[in-house]
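What follows is one structure encoded as structure tokens, with my remarks underneath.
Order of the sequence lines sets the chain letters (A, B, ...), proteins ahead of strands, with each chain counted from 1. These numbers come from a predicted model, not from an experiment.
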Amino acid sequence: MKIHVTINGAAYERDVEPRTLLVHFLRDDCGQTGTHVGCDTSSCGCCVVVVDGDRAVKSCTMFAVQADGREIRTVEGLADGGTLHPLQQAFWDQHGLQCGYCTPGMLLTAYALLKHNPAPTDADIREGLAGNLCRCTGYQNIVKSVQQAAGTLGHPSAATA
Amino acid sequence: MSTEPKPGGSLGVAMKRKEDPRFIQGKGRYVDDISLPGMLHLAIVRSPYPHAGITSIDISEAMRVPGVRAVITGKDLEAAGLGWLPTFHGFDKQMVLAIGKVLFQYQEVAAVFAESRGAAADGAEAVHVEYAPLPVVTDPFAARTDQVILRPDREKKTNHIYHWEVGDKDATARALRTSPRRISQRIWFQRCHPAPLEPCGCVAQFDAMGRLQFYVTSQAPHVYRTALAIVTGIAEDKIHVISPDIGGGFGNKVPVYPGYVCAIVGALKLGRPVKWIESRTENLTSTGFARDYHMDVEIGATDDGRMTALHVATTADHGAFDAAADPTKYPAGMFGIVTGSYDVPAAHAEVDAYFTNKAPGGIAYRCSFRVTEASYAIERAMDILADELRMDPVEVRRKNFVRKDQFPYQSRLGFTYDSGDYQKALDVALEKIGYKELLKEQTAKRLRGELMGIGFSTFTEVVGAGPSKHFDILGIKMFDSAEIRIHPTGAGIVRTGTKSQGQGHETTWAQIVAEELGLDPQNIMVEEGDTDTAPYGLGTYASRSTPVAGGAIAMAARRVREKAKKVAAHLLEVGEADVEWQDYKFQVKGVPAKSVTMKEVAFAAYTNMSQNEPGLEASYYYDPPNMTFPSGCYVAVVDVDRETGEVKVRRFLAVDDCGIIINPLIVEGQIHGGLTEGFAIAFMQEIQYDSDGNNLNTNFTDYLLPTSLETPHWETAKVTTPSPHHPIGAKGVGESPNVGSPAAFVNAVIDALSPLGVRHLDMPITRDKVWRAIRAAEAKTALA
Ligand code: FES
Ligand code: FES
């Protein structure tokens with residue numbers, strides 16, 4: 001099937017098998033390997049991308065054909081040219097990653113989270129990230145990272161819970 | 001705490017990680033990101049049966065699936081002399097693809113090579129295998145009876161793999177017999193799985209010269225190269241192993257797996273690159289599990305709580321093949337650390353391992369070879385002893401600690417502990433957690449029938465394998481190495497035999513070099529994981545990177561400094577004997593005003609070296625004189641809901657002594673991560689098999705990883721006793737939190753339940769288990 005998908009602002013037109021998952025489409029057909037695969041049961045969140053501006057979606061739960069006509073943002077499209085997105089900067093500053101495998105999914109989930117809730121409490125962040133597993137960091141520095149980014153994005157954080 | 005790196009003075013700086021920019025931009029390069037022209041995909045057909053003869057394998061339908069290029073079976077591999085793979089410590093071998101029969105559910109049976117991921121999966125579905133089921137043995141205690149022999153391929157027709165022991169058996173038995181007080185408890189450390197978020201995988205290709213290029217998720221690329229040379233017969237110079245970025249390892253990525261061998265065979269047979277990436281289910285069901293030790297612990301003590309003897313007899317479940325990646329002379333790893341932080345006058349430990357119809361493994365999961373099992377056993381048993389004596393677990397520990405003045409301490413089970421200050425770590429912990437207030441609160445709550453617990457774990461680890469006189473893998477001594485080149489402008493590169501999987505080597509190794517040479521760590525590049533360029537080393541696991549490779553880096557840097565000193569003497573126009581290294585510079589002895597920086601010397605080494613050998617580089621193969629012994633005091637505070645059995649970890653404090661710290665930011669991150677894994681093991685993780693041999697925890701909906709919601713907030717603190725024998729005094733930290741924390745969690749829960757008469761529960765301490773324990777205790781009281 002022929003589909004047209006916009007990924008990080010660039011148009012992609014590809015012929016895909018109907019069973020192709022969005023994550024495999026991104027990785028294998030479009031060469032965007034920043035989005036990772038960590039499980040077979042939609043449990044880990046390594047594959048999270050943002051669809052149509054503010055919806056965090058596990059791209060292993062969506063077929064590529066369902067992305068036809070939509071806009072996808074992946075980790076490759078977070079930075080603004082040479083400037084890191086405040087979330088990227090914050091993960092770096094706060095040591096919010098170790099092996100880096102969960103990081104793209106974390107960043108995109110946090111990106112959508114902050115769109116919906118620009119001043120989250122720590123508890124909001126923990127709840128918002130509950131679909132993203134990290135095996136390395138124990139989440140504490142990830143929560144700090146998201147708080148820092150929320151601050152940078154101009155929304156002073158609410159009282160921490 | 002300084003966070004700004006500067007030339008010199010790099011040790012102890014919380015420098016931001018140098019590797020992060022690529023990861024936060026999605027530019028990491030993990031194995032699955034590698035795509036080569038003409039690449040085929042490999043899918044593996046696995047057994048649904050845990051024990052069965054293979055009657056027939058029909059590949060004809062699979063070969064008709066569009067895109068399928070080849071199917072190979074165990075017979076094909078056997079004909080090529082590749083049917084079996086030696087396991088790392090050399091006591092056993094493992095089938096690559098099943099030959100004659102299968103020994104565990106999900107065992108590899110056939111390999112399908114196809115043009116796409118999907119076609120390979122379709123092809124695997126179309127391979128028809130007929131099995132004749134055989135009786136299944138899932139319990140190591142049943143395996144012991146030898147009623148069903150699982151491995152008739154072995155010379156000795158028994159399921160018993162080995163007996164190992166250490167210590168004085170008779171003296172221990174005598175001391176136990178005559179001890180006024182005794183406890184005994186079977187303590188099971190359940191089967192769990194490291195489950196790094198990135199599964200295992202590889203890409204194999206033979207280049208135009210017939211040289212194997214092998215990208216693989218390996219924690220030990222050089223060992224892989226040598227092992228592949230031995231297994232395949234390909235000359236070692238024709239093998240190039242590359243471990244690119246690795247998405248967590250935790251011991252899971254140490255063994256060589258059948259999928260790797262199949263990918264290489266496919267690449268050779270079909271003349272095209274082959275990729276194999278396992279699914280999560282394949283990861284959890286077939287690659288290296290950890291633990292599964294049933295430990296019978298006995299402690300003898302005086303009435304006032306002095307330990308007189310410790311005996312631990314372990315029954316180990318190794319699964320279908322003995323694939324535990326332990327050093328050759330240590331089939332039960334470093335289990336001899338089971339005397340822990342305590343000066344026990346008599347001790348004896350023994351382990352008997354058995355085959356069962358379960359996946360092979362027994363790997364060192366974020367732990368230095370069975371240290372976690374040992375630490376858990378002794379720390380849990382100390383609480384049982386305290387309960388028996390009606391003493392505060394803190395006091396029992398304090399009474400038996402190895403004292404500061406006893407270091408270096410010779411343990412009864414053969415280790416020489418390098419350094420430590422257990423009293424101090426405990427004092428820091430008690431103070432920080434507010435133990436006295438907590439006890440008061442607990443007393444008040446108990447009067448109201450509320451369940452609150454405080455649990456301690458005052459553990460000692462043994463890491464950094466290891467001295468060549470004791471440690472080897474496949475005969476290769478467990479040294480590690482570093483090679484440093486300083487460029488004319490004072491920038492440089494360091495290469496080591498280790499391989500980071502998230503530990504931050506690109507930062508910490510640069511900091512060691514920078515510290516030793518007075519250079520800027522931002523301009524010291526770190527490269528690992530490529531066997532063509534990195535010096536030979538045994539890799540990253542068992543907390544050996546900092547103790548072993550970290551030592552090699554410091555020593556190589558000192559060699560560079562020695563060379564540089566000659567050039568410095570030339571620049572300072574004095575004899576070499578009149579030059580000293582002071583404040584990260586060379587100076588004329590006693591004359592700080594007459595000095596040159598390493599940067600200036602580096603330039604001169606290429607431009608104005610006088611009679612000295614040009615260039616500025618050195619390498620060092622470091623054979624550590626001893627292991628290092630990180631230690632810690634962990635405290636967990638929990639509240640247990642009497643109605644539902646739910647446990648809430650209210651606070652957790654980790655006081656760690658990992659010797660000299662290279663980068664506090666990274667150390668803290670490692671502690672957070674390790675505690676989270678320990679938390680998971682204590683409360684939620686187990687690879688279970690039903691009595692028919694079915695694996696019940698095959699994905700992340702059944703094998704639970706804690707999310708941000710359940711994970712407690714971690715508090716950390718430190719005590720520092722430098723390792724006296726390590727070049728920079730470091731001991732390593734990555735594994736301490738995973739080793740030390742399970743006992744603290746469990747001790748806290750049992751402490752909470754102790755008013756009900758509960759003395760022990762095996763992990764994972766699920767809500768259901770706690771609920772049942774409470775109900776059972778209440779039923780007992782009602783009857784009484
Ligand atoms: S790959 Fe795990 S949730 Fe998508
Ligand atoms: S950083 Fe490794 S899984 Fe999150």
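Per-residue counts of heavy-atom pairs under 4.5 Å with chain A were compared for G118(B), G28(B), S500(B); the largest is that of G118(B). With respect to chain B, the highest number of heavy-atom pairs below 4.5 Å among D28(A), L87(A), T74(A), T35(A) belongs to D28(A). Of all the listed residues (G34(A), S42(A), A130(A)), the one sharing the greatest number of non-hydrogen pairs under 4.5 Å with chain B is A130(A). Note: Q685(B) leads R366(B), Q685(B), E668(B) in heavy-atom pairs under 4.5 Å with chain A. Ranked by non-hydrogen atom pairs under 4.5 Å with chain B, the options I142(A), L97(A), T103(A) are led by L97(A). Between chain A and the residues P194(B), P196(B), S708(B), P712(B), the largest count of heavy-atom pairs under 4.5 Å involves S708(B).
At distances below 3.5 Å, at least one donor-acceptor pair connects side-chain atoms of Q88(A) with backbone N or O atoms of I24(B). Looking at R135(A), its side chain never comes within 3.5 Å of a backbone N or O of G247(B) through a donor-acceptor pair. D40(A) places a side-chain N or O within donor-acceptor distance of the main-chain N or O of T281(B), the cut-off being under 3.5 Å. Listed for the Q140(A) side chain is a donor-acceptor partner under 3.5 Å among the backbone atoms of W714(B). No donor-acceptor distance shorter than 3.5 angstrom exists from the side chain of Y139(A) to the backbone of E710(B), with no hydrogens or angles considered. Q98(A) contributes a side-chain N or O that, together with a main-chain N or O of G669(B), makes up a donor-acceptor pair within less than 3.5 Å. Looking at R17(B), its side chain never comes within 3.5 Å of a backbone N or O of H95(A) through a donor-acceptor pair. Between the T33(A) side chain and the D33(B) main chain, no donor and acceptor come within less than 3.5 Å of each other.
Residue contact with chain A, scored on non-hydrogen atoms closer than 4.5 Å, involves the backbone of Q501(B) exclusively. Heavy atoms of F679(B) lying under 4.5 Å from chain A are absent altogether. Heavy atoms closer than 4.5 Å to chain A are found in the side chain of R117(B), but not in its backbone. Within the 4.5 angstrom heavy-atom criterion, atoms from both the backbone and the side chain of I666(B) approach chain A. Interface residue I246(B): only backbone heavy atoms are found under 4.5 Å from chain A. No part of H85(A) comes within reach of chain B, as not one of its non-hydrogen atoms sits under 4.5 angstrom from that chain. Of the two parts of S35(B), neither the backbone nor the side chain holds a non-hydrogen atom closer than 4.5 Å to a non-hydrogen atom of chain A. Both the backbone and the side chain of D32(B) come within contact range of chain A, with heavy atoms under 4.5 Å apart. Both the backbone and the side chain of Q670(B) have a heavy atom closer than 4.5 Å to some heavy atom of chain A. The parts of L129(A) that come within reach of chain B are both its backbone and its side chain, each placing non-hydrogen atoms under 4.5 angstrom from that chain. Residue contact with chain A, scored on non-hydrogen atoms closer than 4.5 Å, involves the side chain of T676(B) exclusively.
Counting heavy atoms from C-beta outward, C102(A) and F23(B) have side chains that stay 4.5 Å or more apart. Side-chain atoms of D20(B) and F91(A), non-hydrogen and from C-beta on, never get closer than 4.5 Å to each other. The closest side-chain heavy-atom distance from V37(A) to E198(B) is not below 4.5 Å. Proximity of C136(A) to F250(B): side-chain heavy atoms (C-beta onward) are separated by under 4.5 Å at one or more points. Between S43(A) and N699(B) the shortest side-chain heavy-atom distance does not fall below 4.5 Å. In this structure the side chain of E127(A) reaches within 4.5 angstrom of the side chain of L709(B), judged on heavy atoms.
The minimum heavy-atom distance linking L197(B) with C134(A) is given by the pair CD1-CA, 4.2 Å. Closest approach of P199(B) and Y101(A) over heavy atoms only: CD-OH, 4.1 Å.
For the atom pair CG (L84(A)) and CD (Q25(B)), the distance works out to 5.0 Å, reported to the nearest 0.5 Å. Note that the CG atom of N283(B) and the SG atom of C39(A) stand 11.5 Å from one another [nearest 0.5 Å]. Atom CG in N141(A) sits 7.0 Å away from atom CG in L665(B) (nearest 0.5 Å).
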For K16(B) and D93(A), run side-chain contact (heavy atoms from CB on, under 4.5 Å): C-alpha distance rounded to whole Å, both residues' side-chain angles, the deciding distance at 0.1 Å, then the answer. CA-CA 6 Å; K16(B) 275 164 56 179; D93(A) 291 347; 2.6 Å; yes
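Look at D122(B) and R19(A) and you find a salt bridge, because one of the NZ, NE, NH1 or NH2 atoms lies within 4.0 Å of a carboxylate O, short of that distance.
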